[in-house]
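The structure appears right after this line, and notes come after that.
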Amino acid sequence: MKIDGQFVIYSRKSKFTGKGESIENQIEMCKQYIRMQFGNSAADDALVYEDEGFSGGSLERPKFKKMMADAQEHNFRAIVVYRLDRISRNIGDFAKLIEQFNQMKIDFISIKEQFDTSSPMGRAMMYISSVFSQLERETIAERIRDNMHELSKTGRWLGGVTPTGYASESVSHVTIDGKTRKACKLKPIPEEISMIKLIFEKFLETNSLTKTETFLLQNGFTTKNGKDFTRFALKNILSNPVYLIADDAAYQYLTENNVDLFSEQSDFDGIHGIMAYNRTLQQQGKANQVKPMDEWIVSVGKHPGTIDGKAWVKVQRLLEQNRSKSYRKPRSNVALLSGLLICGNCGDFMRPKASQRLNARGETIYTYLCSMKERSRGHVCNIKNCNGNIMDANVIEQLKSLSEDGSDFLQQLEHSKKVLTGDRQGYDEQLAKIEADITANEDEIKGLVSTLSKASGTSAETYIVKQIDELHNKGETLKRNLDELKELTANHALADIEYDLLAQLLASFKDSVDGMTIEQKRAAIRNFVKEIIWDGTQAHVILFGSEYAFEFPKIPVGMTNTVISCKNTENFEKAAERGDVEPLRVHSKRNPHVFPLTAQAPGRIIFV
């Protein structure tokens with residue numbers, strides 16, 4: 001075991017729970033081990049990486065990947081886990097990891113099995129144990145699949161979010177041994193089923209997800225959650241076998257595609273629908289992916305089907321044809337404000353659309369148009385398009401002017417900073433008062449404890465114990481208040497530095513923006529601009545300024561609440577999937593490092 005470097009603790013649990021080998025319990029046991037073997041200092045200085053809600057069957061875990069990246073850059077002494085399968089249940093992955101640790105000269109310790117790779121016997125025993133971990137994982141997976149096979153024979157609904165058109169209904173039945181069992185099946189919702197039939201009819205009529213989406217938007221149809229339909233939502237509905245009526249055409253299609261079918265051909269009665277199990281791959285933090293059909297476990301369900309086999313199969317053929325000839329919309333490679341510009345009328349993102357024409361400077365002429373306007377063909381939103389070349393140039397010039405002495409924005413930054421400093425002085429006074437209250441409370445408890453020893457066995461003992469409990473609870477509340485106030489004070493200190501850095505970045509922007517690439521300009525703008533709202537005639541640029549926002553010109557009355565509330569991560573991700581905005585790339589996040597003149601800036605912060 002080498003003696004330099006820092007210990008690292010890694011903990012993982014597949015499900016969020018505070019019971020058993022929880023994340024906290026694993027970390028505490030690892031710290032106890034380090035403390036016993038290597039001293040208090042090593043345990044106190046140990047770095048902790050924790051993944052909760054991630055399976056050990058894959059290495060695609062955020063904190064694990066960060067630990068491995070940090071291990072390349074830092075001289076870690078050892079990586080400690082509570083149990084071997086916390087790091088991996090896959091023998092292939094595990095063997096590669098141990099090899100990587102050896103190359104980086106990092107020891108690996110599993111305290112439950114008492115394995116330590118600093119010795120040859122420890123390495124050998126660890127490999128043997130990892131084989132059994134993988135065997136356990138594969139046995140669990142096989143058992144789950146066997147359970148799915150048994151459940152599929154019943155055609156029951158296993159729970160979760162019900163598909164559009166159906167609700168979950170509990171059904172009881174008596175088994176052969178006289179016991180009452182409950183199960184769930186899908187029950188049709190008539191008004192939603194009518195809409196599902198309409199969606200299939202429109203798609204068969206138009207052979208276009210886009211045209212079907214436009215029809216639904218123009219006629220006010222929404223999802224069961226009250227949101228506008230998108231092409232992706234429509235594709236999920238059209239490809240879901242739950243709507244397929246179990247008839248001869250359905251049986252032929254399913255058998256041709258080699259699904260694991262647990263119903264006889266005689267069960268395809270032309271009435272009931274299809275239940276498909278093991279159809280999607282669900283991963284933490286990722287959109288569900290549809291598995292190949294030969295991995296599906298299929299049976300005839302207890303619910304009535306909606307779309308006859310021939311129509312449903314035809315829809316699948318059309319979707320497959322469309323996918324083979326589909327293409328991504330060409331992205332504008334010059335627009336700077338994609339993902340920042342929002343329609344002031346409906347709140348959707350505005351995307352750049354390039355033309356075939358050039359302006360006098362030889363630049364491609366492009367406009368920003370509202371995504372909802374385009375998708376609904378102007379029925380839901382008809383806001384005027386925005387000249388992209390002029391908009392981008394004006395935003396750059398406005399940002400340049402902000403760094404000038406005496407500008408409104410710099411004055412507001414200075415005012416905000418003064419307000420913040422005043423607030424922090426008040427926080428310091430509150431901190432001192434709470435700390436004094438905690439000290440007084442502890443002194444009072446000590447006095448009562450001393451009195452309790454003298455009053456032992458008397459009637460006063462019960463009252464003294466009760467007083468001690470009350471004071472103890474009061475002390476815990478004071479400590480929680482103290483921690484919250486310290487955190488708030490720390491956040492304000494960070495914001496104070498942010499104001500200074502923002503002013504420095506503005507000065508750098510004015511001098512360096514003209515020499516930047518398109519990607520660098522996009523990244524630079526995102527350091528200052530929170531969002532831009534287009535009202536049809538003017539653009540309202542809202543800037544970052546900690547919790548304070550600065551805008552020019554002012555947003556018209558009645559617009560802010562509608563527009564600001566609609567811009568969130570979910571909206572951005574959906575817009576990026578549709579191709580309406582550019583996904584955030586390495587240079588597209590708020591990051592002050594894009595400025596060459598800020599390399600010497602003290603107290604540099606990475607904005608998230």
Side-chain angles (χ1 to χ4, degrees), residues 1-16 21-31 33-34 37-38 42-120 122-134 136-137 281-286 584-587 589 591 593 606 608:
M1 170 81 64
K2 61 186 179 183
I3 59 174
D4 58 340
Q6 192 171 16
F7 281 93
V8 169
I9 296 172
Y10 178 75
S11 60
R12 178 193 65 79
K13 194 162 188 181
S14 299
K15 294 183 178 180
F16 295 93
E21 297 169 1
S22 68
I23 291 288
E24 293 77 13
N25 292 343
Q26 292 177 43
I27 294 171
E28 185 56 35
M29 285 184 281
C30 289
K31 283 191 174 182
Y33 177 87
I34 297 172
Q37 299 293 328
F38 307 101
D44 294 338
D45 294 340
L47 295 175
V48 176
Y49 298 84
E50 53 189 74
D51 282 312
E52 190 157 11
F54 292 89
S55 168
S58 168
L59 299 182
E60 290 300 314
R61 294 168 249 148
K63 293 301 181 182
F64 174 81
K65 292 168 75 173
K66 185 177 189 309
M67 178 185 74
M68 295 303 294
D70 291 346
Q72 297 282 355
E73 301 177 5
H74 302 285
N75 187 25
F76 290 152
R77 181 173 177 179
I79 293 175
V80 184
V81 296
Y82 167 67
R83 204 171 66 192
L84 191 62
D85 60 3
R86 298 303 87 191
I87 196 105
S88 177
R89 286 182 180 270
N90 184 296
I91 180 63
D93 290 339
F94 182 79
K96 291 177 183 177
L97 283 174
I98 296 302
E99 186 177 342
Q100 283 183 267
F101 293 153
N102 290 337
Q103 290 174 354
M104 293 186 286
K105 297 182 179 179
I106 298 175
D107 294 323
F108 179 78
I109 300 172
S110 174
I111 63 176
K112 183 73 173 179
E113 295 89 355
Q114 290 292 302
F115 292 157
D116 186 341
T117 57
S118 61
S119 69
R123 285 193 294 272
M125 292 302 296
M126 194 168 290
Y127 280 120
I128 293 171
S129 180
S130 65
V131 171
F132 286 99
S133 292
Q134 181 172 357
E136 179 189 15
R137 173 173 168 264
L281 176 64
Q282 300 178 2
Q283 293 179 297
Q284 182 86 9
K286 293 184 179 180
L584 289 182
R585 303 177 186 175
V586 175
H587 295 294
K589 297 180 180 178
N591 180 1
H593 292 295
I606 305 297
V608 180

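Computed from heavy atoms alone, side chains included, the values below leave out hydrogens, waters and symmetry copies.
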**Asked** Which one of F38, Y33, F76 satisfies the ring pair (Phe, Tyr, Trp, His ring centres under 6.0 Å) criterion with F7?
**Response** F38
**Item:** Inter-residue atom distance I23.CD1 - E52.CD, 0.5 Å rounding
**Value:** 4.5 Å
**Message:** Nearest 0.5 Å, please: how far is CG in L59 from CG in L97?
**Reply:** 5.5 Å
**Request:** Please answer whether the main-chain N or O of Q6 pairs with a side-chain N or O of D45 as donor and acceptor at a distance below 3.5 Å.
**Result:** no
**Prompt:** Considering only heavy atoms from C-beta outward, does the side chain of N25 approach that of Y82 to under 4.5 Å?
**Reply:** no
**Partners meeting salt bridge (charged side-chain N to carboxylate O under 4.0 Å, His left out) with K63 (sequence neighbours left out)** = none
**Asked** Has the side chain of R83 got a donor or acceptor atom that lies under 3.5 Å from a matching backbone atom of Q26?
**Response** no
**Request:** Can you see which heavy atom on Y10 is nearest to which on V81, and at what distance?
**Result:** O-CG1, 3.6 Å
**Request:** Provide the closest heavy-atom pair for R61 versus I87 in the form atom of the first, atom of the second, distance.
**Result:** NH2-O, 2.8 Å
**Item:** Main-chain N/O of R12 paired with R86 side-chain donor or acceptor, under 3.5 Å
**Value:** yes
**Request:** Quick one: closest heavy-atom pair of I106 and A78, and the distance?
**Result:** CG2-CA, 3.9 Å
**Item:** Where F64 and D51 come nearest, the two heavy atoms and their spacing
**Value:** N-OD2, 2.9 Å
**Request:** Let me see the working for D70 and L47 under side-chain contact (heavy atoms from CB on, under 4.5 Å), right down to the final yes or no.
**Result:** CA-CA 11 Å; D70 291 346; L47 295 175; over 6 Å; no
**Prompt:** Is there a side-chain contact between M104 and M68, using heavy atoms and a 4.5 Å cut-off?
**Reply:** yes
**Item:** Atom of V8, atom of M67 and distance for their closest heavy-atom approach
**Value:** CG1-SD, 3.7 Å
